[in-house]
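Here is the structure we will look at, set down as structure tokens.
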Amino acid sequence: MTEKRDDEALVEEVVSAYRERSVFGEIRPSPAFYDLDDDGRLRAFEEANRARAMESALDPQGLSTTAHALLARIKAGR
Amino acid sequence: MDLDALLPAIVAGDADAFGRFIAGIELDLRRSLRPFATRVDIEAVVQEALLRVWQSAARIVPDGRPDVLVRFSMRVARNLAISEIRKKKELLPGDDEVADAYDDSEGAPPDPMLRRLIHDCFEKLPPQPKMVLGMRLENRGAEPDLKLAEEAGMKLNTFLQNVTRARKLLGDCLEHRGVSFIGRAP
């Protein structure tokens, strides 16, 4: 994946609830987080808060994508 | 909602009860980690911390004070953030105490009227932003945006721009209706 991304795209990647896992099963930080400066990281933090609030409002069970991702992992065995 | 009431079910392995607990705590938990937001990826910390809470719930001993499960989760998340920062040798004076006093003034879950407004505004989004935001919602954090972009037939940048646009338009729509709950991106 060599496509160059601007700050807005990097922020949006960090906002996503998808996170890779290490070989030991630990949840890994988004690589895009390390490409952002402090302002970008704070923006990603605030946008993620907004996104999760919106997601849980749109979800029939009141769950955000973070909650769904976690529950899927729990139900899958970890 | 008394989240401590969910503890016995969580200890018994009821993942749906844990889901209700997450729904009740997630936004407060995130906000409590704001002091660390420039140094660690808060999404990763929140997910890892909640997994650890799930795994160690059986060891929680009620201390007679309310919100034992919430306090335990906050502590796990804060310690995890500090541990990540320590690994990178970026710990600052005061980090050990900073997340103890979190601001929960905005912690109330959305009320039914607000849910309906958000849903209405979502339905009114233009086709592409609505599609990509819907894909993210339906995917539930299971796959990377690159995969979703491919499924949408878009370049990753285009996909991400559409997600950003969708959320901004949603914020505009809510603002137009007098709601600043989600608001406009700064």
Side-chain angles (χ1 to χ4, degrees), chain A residues 1 3-6 8-21 25-34 36-75 78, chain B residues 15-16 18-20 22-24 26-27 30-31 33-34 37-48 50-51 54-55 84 106 109-110 114-119 122 133 136-137 139-148 155-157 159-161 163-164 167 170-171 181-183 185-186:
Chain A
M1 213 281 297
E3 192 178 346
K4 189 178 183 314
R5 284 154 294 156
D6 60 20
E8 283 306 314
L10 291 169
V11 165
E12 199 55 63
E13 247 185 284
V14 176
V15 169
S16 166
Y18 172 78
R19 290 295 181 275
E20 289 181 359
R21 298 174 73 184
E26 287 183 331
I27 292 164
R28 302 177 71 170
S30 166
F33 177 81
Y34 298 108
L36 287 169
D37 60 15
D38 283 359
D39 284 348
R41 291 174 179 186
L42 271 180
R43 211 161 63 243
F45 172 77
E46 299 295 351
E47 283 299 323
N49 290 348
R50 288 189 182 93
R52 298 300 173 266
M54 178 205 69
E55 290 161 6
S56 55
L58 288 170
D59 185 78
Q61 299 165 271
L63 299 177
S64 71
T65 52
T66 296
H68 277 299
L70 273 168
L71 292 176
R73 285 178 173 174
I74 286 169
K75 288 174 179 175
R78 187 227 161 166
Chain B
D16 293 327
F18 192 58
R20 291 195 292 281
I22 296 174
E26 184 184 347
L27 292 182
R30 287 179 177 282
R31 290 190 186 106
L33 296 170
R34 191 179 199 285
T38 60
R39 288 174 289 163
V40 290
D41 177 8
I42 298 299
E43 179 66 34
V45 170
V46 167
Q47 291 193 23
E48 186 65 36
L50 287 170
L51 274 178
W54 167 255
Q55 290 164 340
E84 289 301 310
E106 297 179 89
L114 184 56
R115 280 180 183 276
R116 196 155 53 244
L117 279 177
I118 292 174
H119 195 268
F122 176 78
L133 193 56
R136 263 222 183 147
L137 291 170
N139 189 257
R140 299 176 166 185
E143 289 167 317
D145 287 323
L146 183 61
K147 181 112 189 284
L148 300 183
K155 288 187 174 176
L156 178 60
N157 262 343
F159 181 89
L160 295 172
Q161 283 164 2
V163 179
T164 302
R167 209 164 41 249
L170 206 79
F181 173 69
I182 288 178

- Trace of the side chain to side chain donor-acceptor pair (under 3.5 Å) decision for S56(A) with E26(B): CA-CA 10 Å; S56(A) 55; E26(B) 184 184 347; over 6 Å; no
Which atom names give the shortest non-hydrogen contact between [X] and [Y], and what distance separates them?
X: Q47(B); Y: I27(A); result: CB-CD1, 3.4 Å
X: R34(B); Y: F45(A); result: CG-CE2, 3.4 Å
X: A57(A); Y: R115(B); result: O-NH1, 3.2 Å
X: A9(A); Y: L160(B); result: O-CD1, 3.4 Å
X: A23(B); Y: L63(A); result: CB-CD2, 3.9 Å
X: D6(A); Y: Q161(B); result: OD2-NE2, 4.4 Å

Taking the side chain as every heavy atom from C-beta outward, state whether [X] and [Y] have any atom pair closer than 4.5 Å.
X: K75(A); Y: D16(B); value: yes
X: E13(A); Y: L156(B); value: yes
X: T38(B); Y: L42(A); value: yes
X: D145(B); Y: Y18(A); value: no

- Task: Flag the pair E12(A) and R167(B) as a salt bridge only when some basic side-chain nitrogen lies within less than 4.0 angstrom of an acidic carboxylate oxygen.
- Result: yes
- Query: Do R140(B) and E55(A) sit within salt-bridge range, that is, some charged N less than 4.0 Å from a carboxylate O?
  - Reply: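 No, this pair does not count.
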- Query: Where do R136(B) and T65(A) land on the side chain to side chain contact (heavy atoms under 4.5 Å, CB included) test, with the steps shown first?
  - Reply: CA-CA 8 Å; R136(B) 263 222 183 147; T65(A) 52; 5.6 Å; no
Under 4.5 Å from a heavy atom of chain A, the part of [X] involved:
X: L137(B); value: both
X: A142(B); value: backbone
X: V45(B); value: neither
X: R116(B); value: neither
X: L117(B); value: neither

Which distance, rounded to the nearest 0.5 Å, do you find between the [atom1] of [X] and the [atom2] of [Y]?
X: R31(B); Y: N49(A); atom1: CZ; atom2: CG; result: 6.0 Å
X: R28(A); Y: D41(B); atom1: CZ; atom2: CG; result: 12.0 Å
X: L71(A); Y: I22(B); atom1: CG; atom2: CD1; result: 4.5 Å
X: E8(A); Y: N157(B); atom1: CD; atom2: CG; result: 11.0 Å

- Item | Toward chain B, the part of D39(A) with a non-hydrogen atom under 4.5 Å |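 When you check distances to chain B, no heavy atom of D39(A) falls under 4.5 Å.
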- Between F33(A) and chain B, which part of the residue has a heavy atom less than 4.5 Å away: side chain, backbone, both or neither? side chain
- What residue, out of S16(A), A48(A), A69(A), P29(A), has the most heavy-atom pairs lying under 4.5 Å from chain B? S16(A)
- Task: Using a cut-off of under 4.5 Å on heavy-atom pairs, state which of D59(A), V14(A), V15(A) scores highest against chain B.
- Result: V15(A)
